[in-house]
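Single-structure report; data block below.
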Amino acid sequence: MEFRSCSIIHMLESCFLLLIIFQFAEGYDPVDPNGNITINWDFQTITDVYTVMVRIYNFQLYRHVEPPGWRLSWAWAGDEVIWAMTGAETTEQGNCSRFRGETIPHCCENSPVIVDLPPGTPYNMQVANCCRGGVLSSTTQDPIKYASAFQMVVGNANARNSTVEKPSNFSIGVPGYTCSDAVDVAPSKFRHDNRRTTQALKTWQITCSYSQFRESDHPSCCVSLSTFYNNTIVSCPHCSCGCQSPITAPQCVRQSPYFLHLLNGDDGSTTLPVVMCTQHMCPIRVHWHLKLNYREYWRVKVTITNFSVRQNYSNWNLVIQHPNLRRLTQVFSFNYRPLIQYGDTNDTGMFWGIQYYNDMLLESGENGNVQTEMLLQKDPAEFTFKGGWAFPRRIYFNGHECVMPPPDTYPILPSGCSDARRFVRRYFGMSSLLLFFALL
Ligand SMILES: *[C@@H]1O[C@H](CO)[C@@H](O)[C@H](O)[C@H]1NC(C)=O
Ligand SMILES: *[C@@H]1O[C@H](CO)[C@@H](O)[C@H](O)[C@H]1NC(C)=O
Ligand SMILES: *[C@@H]1O[C@H](CO)[C@@H](O)[C@H](O)[C@H]1NC(C)=O
Ligand SMILES: *[C@@H]1O[C@H](CO)[C@@H](O)[C@H](O)[C@H]1NC(C)=O
Ligand SMILES: *[C@@H]1O[C@H](CO)[C@@H](O)[C@H](O)[C@H]1NC(C)=O
Ligand SMILES: *[C@@H]1O[C@H](CO)[C@@H](O)[C@H](O)[C@H]1NC(C)=O
Ligand SMILES: *[C@@H]1O[C@H](CO)[C@@H](O)[C@H](O)[C@H]1NC(C)=O
Ligand SMILES: *[C@@H]1O[C@H](CO)[C@@H](O)[C@H](O)[C@H]1NC(C)=O
């Protein structure tokens, strides 16, 4: 009897995993349902040419735009050319041979691609909020670096026609995002001091939204688990992010400081992520350790380890879903902010580094990781160490979902199977609820 109920539970667990996969096919992010990247075109002058300040805002709670940064593009409606650009540049000048005057436009392409300038650009080529290599932080993490801007002077090549037509086919060139068409919105207002406010002559707005489904990227992080009550360490699933193979990508390197030095010394032009050789091949591993059990509290230690050789993970963040986060009492060494809070649902939170202390992930190795401990108050109605309840439901690193070990490998309390039924029921309850939300 007991054996049979166990195998039914395993079957249900596989169904649960399928449910998770199905849920993501939906492409809706319940953690940040209103998150978007907004692009404003604020018109400063309109004559036979017009001057626009283009501002890009990352209104997402935890996703940010990582290096190599945004690459904004669109298709002009007519014969427009960009006469000048400050704070950014187009990747191609294009064919400007029809201009024979003293000034040649910055760009004559019908579909220009614009990239941010790197940090350290001379001041006379900058505008406010430019020149960060296209990197955008999230609103939660950095109230300044979530915005980016550049200015351009646009002319209609066929002489004095001041009709301003909207371009189309906008893209920010970051995997996973699609952008709307430009729409007229109320002109942006700018507060200069306590007395005066100015406004743009007119404003167009484009909204870009993210979908996990559209980002066909392979995983870039995985989760391992351990407990104080069972000395089994459940490591990341094999081949979570790729398999070690001499032929196929991603490449990996043995831990040789000399070789690493050589790799870091090249110009970094290879786009392949180079990782340390591990059985999971992920650049990032998140380890969840159930550390201590007190009468009214329990303590978890979370460690993030960097296995990437050259990726720069400054301003990293971690999003964790666990039902007990609503009773989180204390977080050590990381910043914390709860994310989903409505009705009874308050189970997802964002963690990120403290500036100048651990906001950059260090080299992997003995001290090459960042750690936090958190203290959670037990909710007597649901708290249990049994059946995997104390492990996270879902973890994202920098907005990318991490590969979890399969539930049937979780370290178990010696008492065995009886509580797993409760675990499965909980899991099922939760995922059908989420599925319900996702289908709304
Ligand atoms: C984009 O995000 C902003 C800020 O959260 C929000 O006010 C706006 O409604 C969002 N736009 C869309 C189209 O979701
Ligand atoms: C550049 O544009 C001119 C006309 O504007 C055209 O005659 C010429 O063929 C173009 N050159 C190339 C290489 O496309
Ligand atoms: C200006 O150009 C647009 C298309 O680019 C055209 O529809 C419109 O008639 C032109 N206006 C004048 C005054 O030439
Ligand atoms: C829109 O942009 C995509 C890539 O950015 C390009 O492949 C496509 O041809 C463009 N469509 C139009 C109508 O310009
Ligand atoms: C990583 O990026 C940050 C800013 O994005 C920069 O300040 C830092 O110097 C970079 N670190 C390395 C090792 O390139
Ligand atoms: C959600 O949980 C956090 C602790 O993680 C708590 O500070 C916050 O008040 C809770 N919000 C609601 C609406 O219960
Ligand atoms: C991550 O570790 C690698 C070495 O393993 C190092 O080269 C890289 O700079 C680290 N990332 C950061 C942001 O420090
Ligand atoms: C620890 O967990 C493993 C894997 O779930 C299980 O096989 C093992 O029996 C457990 N150890 C003890 C002492 O209960």
Side-chain angles (χ1 to χ4, degrees), residues 2-3 6-7 9-10 13 30-31 61-62 76 78-81 92-101 104-105 107-111 140 155-159 223-237 288-290 293 297-300 302 317-332 334-352 372-379 381-395 404-420 423-424:
E2 194 54 32
F3 170 75
C6 277
S7 48
I9 284 159
H10 285 150
E13 276 167 357
V31 179
L61 292 174
Y62 66 93
W76 289 118
D79 273 332
E80 289 88 340
V81 294
E92 303 278 339
Q93 184 178 28
N95 179 358
C96 292
S97 65
R98 59 195 155 141
F99 295 92
R100 303 192 180 275
I104 303 290
C107 175
C108 304
E109 288 274 285
N110 180 250
S111 296
T140 315
N156 191 319
N158 287 339
V223 179
S224 57
L225 306 167
S226 62
T227 60
F228 63 85
Y229 55 76
N230 179 330
N231 54 19
T232 307
I233 295 174
V234 181
S235 42
C236 284
W288 177 278
H289 176 64
L290 292 183
N293 182 23
Y297 295 91
W298 56 300
R299 191 186 266 265
V300 174
V302 176
N317 68 46
L318 199 64
V319 170
I320 298 179
Q321 184 185 17
H322 188 281
N324 214 160
L325 281 182
R326 78 176 70 109
R327 285 169 177 255
L328 185 64
T329 310
Q330 201 174 358
V331 178
F332 300 88
F334 283 10
N335 290 304
Y336 175 72
R337 173 187 159 161
L339 286 183
I340 301 188
Q341 301 183 62
Y342 43 76
D344 273 353
T345 315
N346 182 5
D347 63 356
T348 306
M350 170 173 165
F351 300 78
W352 70 100
T372 182
E373 292 201 3
M374 51 184 151
L375 197 59
L376 297 131
Q377 191 183 16
K378 293 177 182 173
D379 178 350
E382 57 176 3
F383 178 81
T384 172
F385 277 127
K386 292 175 183 166
W389 187 84
F391 297 120
R393 303 301 184 260
R394 216 176 267 167
I395 291 186
M404 296 281 296
D408 62 352
T409 63
Y410 286 6
I412 46 171
L413 282 172
S415 68
C417 221
S418 53
D419 264 272
F423 163 65
V424 167

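Numbering of ligands and ligand atoms starts at 1, following listing order. We use all heavy atoms of the structure for the numbers below, so side chains are in, but hydrogens, waters and symmetry mates are not. Bear in mind that the values here come from a model prediction, so they are computed numbers and not experimental data.
The distance from the NE2 atom of His322 to the CG atom of Leu376 is 7.5 Å, given to the nearest 0.5 Å. Atom CG in Leu325 sits 7.0 Å away from atom CG in Asp347 (nearest 0.5 Å). Atom CG of Asp379 and atom CZ of Arg326 lie 6.5 Å apart (nearest 0.5 Å). Distance check, rounded to the nearest 0.5 Å: CD of Glu382 to CZ of Arg327 gives 8.0 Å.
Under 3.5 Å, the side chains of Trp389 and Asn324 contain no donor-acceptor pair of N or O atoms.
Between His289 and Thr227 there is no side-chain heavy-atom pair separated by less than 4.5 Å. With contacts defined as side-chain heavy-atom distances shorter than 4.5 Å, the pair Trp288/Ile320 qualifies.
By the side chain to side chain contact (heavy atoms under 4.5 Å, CB included) test, Phe228 is found to be paired with Leu290, Asn293, Phe385, residues two or more places apart in sequence or in another chain being considered.
Contact atoms of ligand 8 toward Thr232: 1 (C), 2 (O), 3 (C) (distance under 4.0 Å to a heavy atom of the residue). Short contacts between ligand 6 and Leu328, defined as distances under 4.0 Å to a heavy atom of the residue, involve ligand atoms 5 (O). Every atom of ligand 6 with a heavy atom of Tyr336 under 4.0 Å away is listed here by number and element: 5 (O). In summary, the atoms of ligand 8 found under 4.0 Å from a heavy atom of Asn230, numbered by their order in the structure, are 1 (C), 2 (O), 3 (C), 8 (C), 10 (C), 11 (N), 12 (C), 14 (O). The ligand atoms of ligand 8 that sit less than 4.0 angstrom from a heavy atom of Tyr410 are 4 (C), 5 (O).
Considering backbone and side-chain atoms alike, Pro338 places every N or O at 3.5 Å or more from each N or O of ligand 6. Considering both main-chain and side-chain atoms, Ile412 comes within under 3.5 Å of ligand 8 through a nitrogen or oxygen pair. Every N/O-N/O distance between Arg327 and ligand 6 stays at or above 3.5 Å.
Between Phe334 and Phe351, the ring planes lie perpendicular to each other; the angle is over 60°, past the 30° to 60° tilted range.
The contact shell of ligand 2, taken as protein residues with any non-hydrogen atom closer than 4.0 angstrom, comprises Asn95, Ser97, Arg98.
With a 4.0 Å heavy-atom cut-off, ligand 6 is reached by the side chain of Asn346 but not by its N, CA, C or O.
The heavy-atom pair separating Pro405 from Val234 by the smallest distance is CB-CG1, 3.6 Å.
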